[in-house]
Amino acid sequence: MSKVRCPKCGNRNVAEYLWGMPAFTKKLEEELEVGHVVLGGCMITESDPKYHCNNCKKDFGGPPIKMNKDGSLFDYAIETRNISFYVGGFFGGYINLCFEKDENGCHYEVKPGLAMDEYNFENNRTGKQELSIEEWNKLINKIYNKIFLLSWKKKYNNSDILDGEQWGLEIKLEGKRQLNYYGSNAYPVYWRELINLFHPYAKNAGVTL
């Protein structure tokens with residue numbers, strides 16, 4: 001069973017693509033038979049998927065690159081300029097985290113919700129903090145290549161619950177492009193991984209995420 005989960009259905013019955021002309025060994029034939037590997041063919045491009053879900057048939061993974069209408073390539077990782085995330089509710093307020101890369105470097109800022117315990121209030125560091133380019137690149141890599149953001153749905157909603165918890169993730173790209181994801185009492189498959197990604201920065205500001 002794969003360690004990778006499908007970002008659409010959450011199933012671990014995931015095969016890894018093998019691109020090019022393979023050598024058909026007995027081991028490869030066995031992996032093909034049990035669904036651990038799937039052949040991708042010999043036509044290789046810059047944006048080929050890395051995984052295939054045997055359960056829902058979704059392809060995902062691979063470089064975060066899309067082809068524009070004019071045939072040029074758009075690399076989401078390179079073109080990302082701003083990452084904004086919020087989570088919370090009406091009564092407790094919303095925790096906001098913002099990461100930005102500009103001509104002056106990289107930095108992030110954490111803004112707590114209305115409710116903060118006494119310890120966090122006394123120790124909170126909610127102003128802008130510097131972020132190294134190495135940390136920025138690690139963050140970007142995890143967002144696109146570890147939690148497979150480009151394969152998420154745009155909205156996650158549980159209409160059976162009123163109020164509760166809402167969250168949003170907005171990514172601003174070079175130019176006017178944006179990626180927007182939203183949820184109300186419903187979450188993507190990689191929700192826990194997303195929270196773990198932002199947790200160190202919230203903790204550094206004395207905020208419990």
query = So, Asp48 side chain and Thr45 main chain: donor-acceptor pair closer than 3.5 Å or not?
reply = yes

On a heavy-atom basis, the closest approach of Glu29 and Phe24 is OE2-O, 4.2 Å

Could you check Asn158 against Asn185 for side-chain hydrogen bond (donor to acceptor under 3.5 Å, both in side chains), going step by step and ending with a plain yes or no? CA-CA 5 Å; Asn158 183 349; Asn185 303 298; over 6 Å; no

May I ask you to check whether over 12 heavy atoms, not counting those of Lys154, lie within 6.0 Å of atom NZ?
yes

Are any of the side-chain heavy atoms of Pro63 and Ser47 separated by less than 4.5 Å?
no

side-chain contact (heavy atoms from CB on, under 4.5 Å) evaluation trace for Leu209 with Tyr201 = CA-CA 9 Å; Leu209 189 59; Tyr201 306 100; over 6 Å; no

Is a side-chain N or O of Asn204 found less than 3.5 angstrom from the main chain of Pro200, in a donor-acceptor match? no

Separation between OH (Tyr108) and CG (Asn82), nearest 0.5 Å, reads 15.5 Å

Below 30° counts as parallel, above 60° as perpendicular, anything between as tilted: where do the rings of Tyr190 and Phe148 land? perpendicular

Would you call Glu109 and Gln129 a side-chain contact if the rule is heavy atoms closer than 4.5 Å? no

Check your understanding: Do Phe74 and Ile78 belong together in a cluster built from hydrophobic side chains that touch within less than 4.5 Å?
Key -> no

Within the supplied structure, the quantity of interest is the number of heavy atoms (other residues, nucleotides, ligands) at a distance under 6.0 Å from Lys26 NZ; does it exceed 12?
no

Open item on the list: Keeping Trp136 on the side-chain end and Phe99 on the backbone end, is there a donor-acceptor pair under 3.5 Å?
Closed with: no

Rounded to the nearest 0.5 angstrom, the NZ-SG distance for Lys172 and Cys98 is 7.5 Å

- Task: Mind running side-chain contact (heavy atoms from CB on, under 4.5 Å) on Tyr181 and Leu149 for me, showing each step along the way?
- Result: CA-CA 9 Å; Tyr181 304 88; Leu149 183 68; 3.7 Å; yes

All heavy atoms of Asn55 vs all of Cys9, minimum pair found to be ND2-SG, 3.3 Å

Note, Ile140 side chain near Ile83 side chain (heavy atom, < 4.5 Å): yes

Take atom CD in Glu79; do more than 12 heavy atoms of anything else shown fall under 6.0 Å from it?
yes

Residues Ser159 and Asn157: side-chain donor-acceptor under 3.5 angstrom: no

Scanning both residues in full, the closest heavy-atom pair of Gly62 with Asn145 reads O-OD1, 3.7 Å

Dump the intermediate steps for side-chain contact (heavy atoms from CB on, under 4.5 Å) on Glu16 and Lys50, then the final yes or no. CA-CA 6 Å; Glu16 187 166 353; Lys50 187 176 182 180; 3.6 Å; yes

Applying the 4.5 Å side-chain criterion to the ILVMFWY set and letting contacts propagate, would Val38 and Ile44 be lumped into a single cluster? yes

| query | Any chance the rings of Tyr156 and Tyr187 have centres within less than 6.0 Å? | reply | no

Open item on the list: Main chain of Ser72, side chain of Asp70: is a donor-acceptor contact present, judged purely on distance under 3.5 Å?
Closed with: yes

Distance col, row Arg81:CZ vs Cys106:SG, nearest 0.5 angstrom, shows 9.5 Å

query = Which class fits the ring pair Tyr86 and Tyr94: parallel under 30°, tilted 30 to 60°, perpendicular over 60°?
reply = perpendicular

**Q.** Side chain proximity check, Cys56 to Asn11, heavy atoms < 4.5 angstrom
**A.** no

Here the pair of heavy atoms bringing Ala23 nearest to Leu28 is O-CD2, 3.4 Å

All heavy atoms of Glu135 vs all of Leu131, minimum pair found to be CB-CD1, 3.6 Å

Here the gap from Arg5 atom CZ to Arg12 atom CZ, rounded to the nearest 0.5 Å, amounts to 5.5 Å

Note: Asp102 and Asn104 closest approach over all heavy atoms is OD1-N, 2.8 Å

I want to check something: taking the side chain as every heavy atom from C-beta on, are Val207 and Leu97 in contact at a cut-off of under 4.5 Å?
no

Verify same cluster id: Leu32, Leu18 (apolar side-chain graph, 4.5 Å): yes

Would you say that more than 12 heavy atoms from the other residues, nucleotides or ligands in this model lie under 6.0 Å from the NZ of Lys58, or not?
yes

Task: Side-chain touch Val87/Glu165, heavy atoms, less than 4.5 angstrom - done: yes

When rounded to the nearest 0.5 Å, the distance separating NZ of Lys146 from CG of Leu194 is 15.5 Å

Tyr17 meets the side chain to side chain donor-acceptor pair (under 3.5 Å) criterion, sequence neighbours left out, with Asp59

One should read off an interatomic distance between Asn180 CG and Leu169 CG, to the nearest 0.5 angstrom, of 8.5 Å

Fill in: Test item: Phe60 and Leu150 side chains (from C-beta on) under 4.5 Å apart, heavy atoms
no

| Does Ile171 reach the side chain of Tyr144, with side-chain heavy atoms less than 4.5 Å apart? | yes

Donor-acceptor contact below 3.5 Å, side chain Trp19 vs main chain Pro49
yes

Using a 3.5 Å distance criterion without hydrogens, assess whether the side chain of Trp167 forms a donor-acceptor pair with backbone atoms of Ala186. yes

Does Glu33 have more than 12 heavy atoms from other residues, nucleotides or ligands lying within 6.0 Å of its CD? no

- prompt: Given Ile143 and Thr80, is the side-chain contact (heavy atoms from CB on, under 4.5 Å) satisfied, shown in steps?
  reply: CA-CA 11 Å; Ile143 286 174; Thr80 296; over 6 Å; no

